[in-house]
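Below is one structure, written out as structure tokens, with a few remarks after it.
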Amino acid sequence: MDQFLITGGTPIKGEVNISGAKNAALPLLAAMILAESPTTLNNVPTLQDVRTLIKLIEGLGIVIEKQGDTVTCNTKTINSYFAPYDLVKTMRASILVLGPLLARFGEAEVSLPGGCAIGSRPVDQHLKAFEAMGASIVVENGYVKAKAPEGGRLIGCNHTFDMVTVGGTENVLIAATLVKGTMVLENCAKEPEVVDLANMLVAMGAKISGIGTSTMTIEGVESLHGCEYSVVPDRIETGSYLAGALMSAAVFGEGDVTCHRTDEKLLSPVIKKFKEMGANVTTGEDWIRVQMQGRPKAVDIRTTPHPGFPTDMQAQLMAACCLAEGTSTIIENIFENRFMHVPELRRLGAKIKVDGHTAIVKGVEGFKAAPVMATDLRASMSLVMAAAVAEAGGKTLLDRIYHIDRGYEDVENKLRGLGVVIERVKSK
Ligand code: EPZ
């Protein structure tokens, strides 16, 4: 397994181009299964998770190809509705192929995604909605076997999710585009990636109103055609690099990061926190710059569904709070186990107490290099940034960086562009 060797001591300053959002690209790729004619998707990031989903879609007999950041897809030759465990277990979002297969072909057999480090990650909300749409769902031997009602089409209905679920909203929204009649979906997720998916479905001929709100009404259509579409910029990648400027300022007195090819409207709750911590944030058409002098101020953070503070930025902001002046409180409301970065940050010298879903972070002057381990995608980035601002010459070996390769495109070069001294080494 690869590791990162990061040498501390250099301020985080520079510019970085942001890639397409992983969490938009995945549902958009799944939605391509609906199209009866070819589809082209641009600004698709080169990530392990994208490769896995493309491989799974290929396994359905679909012709799908990625050249650079463009994916083309032609579903004419589809000959299977089966998504195997060995692929789904490596990438939970594969469950998103269930909706399009069931809606367009009336059947699907998709492995139940396993849990992951941050939680059990059930998909009961997805299945409950499909049953409300008339599907018969049998879960056996770790697979979801789904069949549309007689006649092969799902039936529109009024359905309310029991809790806000991004993947559930996406899976059901995709399926609802082809229902008989009309679907009213309540308590929907409003994340920018859900909006991006709805916009592409409309470009394919879907009839959706209430996009970006918690209630979406979908008038079923007979079929959907292909389109050319571009993935929304990655707001979490953007926030992850910008957080480095605050951490650098805490240790070196200054930090200055500009992200290009992004959109400040996607991460306003994160920008609000940066400003609360004392950062100077300037924005333009497609860029955001965070400049910071001196230690950030401590803040209180609670993660909630959009438009609240995103859970995917919790670990990165915790790392910044570790160096803040004062004591911060961080409450994780979305996942049951998303504090695995805490023991690793402690190894670097952080002072954090955890009580259930609440972390109390007492600011310290700086981090000391030490070998640490990535536990999940976003935690790994918080550790990279912490190691980058550790004491001058301090070398941190970060293990299990396959987590980071899942969700941060070209991560070493982007970090080097911000002054981070990092190299990828093969573990012994
Ligand atoms: C998406 O996961 C993202 N992944 C996650 O990003 C993100 O953290 C999460 O949304 C919340 O914003 C992708 O988009 C690929 P949920 P998802 O369904 O859809 C519970 C990253 O780092 N729940 O909104 O799986 C669930 O257990 C990843 O990029 C049910 O109980 O999240 C969780 O506690 C991590 N039953 C909460 O809801 C269900 O049927 C939110 O989950 C579905 C969800």
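Atoms within each ligand, like the ligands themselves, are counted from 1 in listed order. These values consider heavy atoms only, across backbone and side chains, with no hydrogens, waters or symmetry-generated copies.
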Please list, in number order, the atoms of ligand 1 under 4.0 Å from a heavy atom of [X].
X: Q125; answer: 36 (N), 39 (C), 40 (O)
X: L377; answer: 22 (O), 29 (O)
X: H126; answer: 40 (O)
X: R121; answer: 2 (O), 17 (P), 25 (O), 27 (O)
X: K22; answer: 21 (C), 29 (O)
X: R378; answer: 21 (C), 22 (O), 29 (O)

For [atom], what's the nearest protein heavy atom and its distance?
atom: atom 18 (O) of ligand 1; value: T165 OG1, 2.7 Å
atom: atom 16 (P) of ligand 1; value: V166 N, 3.7 Å
atom: atom 36 (N) of ligand 1; value: D124 OD1, 2.8 Å
atom: atom 20 (C) of ligand 1; value: M163 SD, 4.2 Å

Under 3.5 Å between any N/O of [X] and any N/O of ligand 1: does that happen in this structure?
X: N23; result: yes
X: F335; result: no
X: E191; result: no
X: I334; result: yes
X: T311; result: no
X: G167; result: yes
X: E170; result: no

- Message: Going by the closest heavy atom to atom 21 (C) of ligand 1, which one wins out of V123, D312, N171, L127?
- Response: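 Residue with the shortest heavy-atom distance to the ligand atom: D312.
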Closest heavy-atom approach to atom 39 (C) of ligand 1 among P113, P122, A93 is made by P122
[X] [atom1]: over 12 foreign heavy atoms closer than 6.0 Å:
X: R416; atom1: CZ; answer: yes
X: K414; atom1: NZ; answer: yes
X: D355; atom1: CG; answer: no
X: E150; atom1: CD; answer: no

Is the closest side-chain donor-acceptor distance between [X] and [Y] under 3.5 Å?
X: T70; Y: N42; result: yes
X: K207; Y: T182; result: no
X: Q125; Y: D162; result: yes

Salt bridge between [X] and [Y], side-chain N to carboxylate O under 4.0 Å?
X: K22; Y: D312; answer: no
X: E276; Y: K273; answer: yes
X: E332; Y: R338; answer: no
X: D49; Y: R406; answer: yes

The ring pair (Phe, Tyr, Trp, His ring centres under 6.0 Å) partners of F82 (sequence neighbours excluded) come to Y143
So is R92 touching ligand 1 or not, going by heavy atoms under 4.0 Å?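 Yes, R92 has a heavy atom closer than 4.0 Å to ligand 1.
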Side chains of V194 and C188 in contact at under 4.5 Å (non-hydrogen atoms)
no
Any heavy atom of R338 under 4.0 Å from ligand 1? The part involved is side chain
